[in-house]
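Before any comments, here is the structure.
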Amino acid sequence: QAKERGRNNFQFFKPEMNVRAVERQVIEANLRLALIRNEFSLHYQPKINLESGAITGAEALLRWAHPQWGMVPPIRFIRIAEDCGVIVPIGRWVLREACAQTKQWQDDGLTIAAISVNISAVEFRRQDFVEGVRTILAETGLSPNCLQLEITESVLMHHAEGSVAILQQLKDMGIQLAVDDFGTGYSSLSYLNQFPIDVLKIDKSFVNDIGASKTDGDGGIVSAVIAMGNSLNQKVIAEGIEKQGQLSFLKAQHCEEGQGYIFSRPLAAEQFAKLLRLGVTAHVPISAVMPN
Ligand code: C2E
Ligand code: MG
Ligand code: MG
Ligand code: MG
């Protein structure tokens, strides 16, 4: 709160009615309506096997189309939704929608190995989280091996002991587990080893540094994470690949999978299905095959 106030150094509002607080309240109220008014949708960003170029799956990303404000990016509302708890019903909606859509694609004969869904700290720490996931899988009929849950490193580490137990229950159901934004959360390596993790997602900030003339221009962190994942038997996926140089580097280091604008932005469901139907492999940028 003090930090927020510090940033508004032109304070013609009284602190207790500052602009941010009011904005938060307005967003909060609108988030509650958004579910009822059906304003959410999911976009799907392809995940690519870097060696074969095949699409192995997708990450489901939440989109909010507000009737007056237009598209509101997740960075503007996820945090607020977490703080007021409305992330719980929103998260359930996301999970159900992603599972139902993926099952539908599979029933239509399309090959999609796994759908990834982002799980927030607030959802992950609820007593009924695991049961909720189990129920949604049962209701939608999606095979648990086709579901991958992305949980950020900082969430896992915050309650490391408790996390191990929850992760194990999910793992026992056959669900795949990924550590999102890996490298940004001060992992304790000893815990990382205890978590039943299948996938490490290298944060895009490190991918962005590859070849850049600043701090880690030689991609040292990226190489180290790939090596670590390989020796711990975890699949490594790089997020936020934008440039050919980054892609070449990752391939040379035998990073297994990648995601990024160089292949495709997140796509609306119908567009993603079209891509699957075309059977595109991404040795060429997907955008060259299918313009948005
Ligand atoms: P994330 O899970 O790390 O997702 C990756 C973000 O990077 C996405 O942003 C994606 O569109 C973006 N991205 C993908 N490729 C590139 C690239 O090549 N360059 C750049 N600059 N960006 C790229 P998005 O969709 O805006 O989502 C932002 C964050 O919001 C996500 O980060 C995730 O933490 C959160 N989020 C999104 N959807 C959900 C959701 O359904 N539930 C929860 N709890 N969080 C979500
Ligand atoms: Mg993610
Ligand atoms: Mg990520
Ligand atoms: Mg990230």
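As the structure is a prediction and not an experimental result, all values here were calculated from the model. In each ligand, atom 1 is the first atom listed, and ligand 1 is the first ligand listed.
- For the pair P73 and ligand 1, no heavy-atom separation below 4.0 Å is found.
- Residue side and main chain included, E59 places an N/O/S atom under 2.8 Å of the Mg ion (ligand 2).
- Between I112 and F272 the shortest heavy-atom distance is CD1-CE2, 3.8 Å.
- A salt bridge links R134 with E131; the closest basic N to acidic carboxylate O contact falls under 4.0 Å.
- Near V94, meaning under 4.0 Å from one of its heavy atoms, ligand 1 places the atoms 41 (O).
- The Q45 neighbourhood of ligand 1 comprises atoms 14 (C), 15 (N), with distances under 4.0 Å to a heavy atom of that residue.
- Distance alone, capped at 3.5 Å, is enough to place a donor-acceptor pair between the N30 side chain and the V26 backbone.
- Here W69 and F77 keep their ring centres 6.0 angstrom or further from each other.
- Using a 4.0 Å cut-off between a side-chain N of Lys or Arg and a carboxylate O of Asp or Glu, R24 and E28 do not qualify as a salt bridge.
- Of all atoms in ligand 1, numbered sequentially from 1 with element shown, those under 4.0 Å from a heavy atom of I241 are 18 (O).
- Within the cation-pi definition used here (under 6.0 Å to the ring centroid, within 45° of the axis), R126 does not qualify as a partner of F129.
- Remark: I36 CD1 is packed, more than 12 non-hydrogen atoms of other residues, nucleotides or ligands lying under 6.0 Å away.
- When non-hydrogen atoms are compared, ligand 1 lies under 4.0 Å from neither the backbone nor the side chain of R79.
- For the pair OD2 of D180 and OD1 of N118, the angle whose vertex sits at the Mg ion (ligand 2) is 90° to 10 degrees.
- Where the criterion is an N or O separation shorter than 3.5 Å, residue side chain and backbone included, E242 meets it with respect to ligand 1.
- Nearest to atom 39 (C) of ligand 1 by heavy atom, out of I90, L42, L62, is L62.
- Proximity of E239 to ligand 1, defined as any heavy-atom pair under 4.0 Å, is confined to the side chain (atoms from C-beta onward).
- Evaluated for a side-chain contact (heavy atoms from CB on, under 4.5 Å) with L147, the options T102, V133, T140 yield exactly one hit, V133.
- Heavy-atom proximity to K204, at under 4.0 Å, picks out these atoms of ligand 1: 6 (C), 7 (O), 20 (C), 22 (N).
- Between the Mg ion (ligand 2) and D181 there is no N/O/S contact shorter than 2.8 Å.
- Checked for salt-bridge contact, K201 and E257 miss the test: no charged N lies under 4.0 Å from a carboxylate O.
- Heavy atoms of other residues, nucleotides or ligands lying less than 6.0 angstrom from CZ of R79 number 12 at most.
- In summary, the atoms of ligand 1 found under 4.0 Å from a heavy atom of D180, numbered by their order in the structure, are 1 (P), 2 (O), 3 (O).
- For the Mg ion (ligand 2), the set of nearby N, O or S atoms under 2.8 Å includes none belonging to T152.
- The part of E59 lying near ligand 1 is the side chain, judged by heavy-atom distances below 4.0 Å.
- Near I78, meaning under 4.0 Å from one of its heavy atoms, ligand 1 places the atoms 43 (C), 45 (N), 46 (C).
- Of the charged side-chain nitrogens involved, at least one lies within less than 4.0 Å of a carboxylate oxygen, so that D128 and R92 count as a salt-bridged pair.
- Distances below 4.0 Å separate heavy atoms of D181 from the following atoms of ligand 1: 3 (O).
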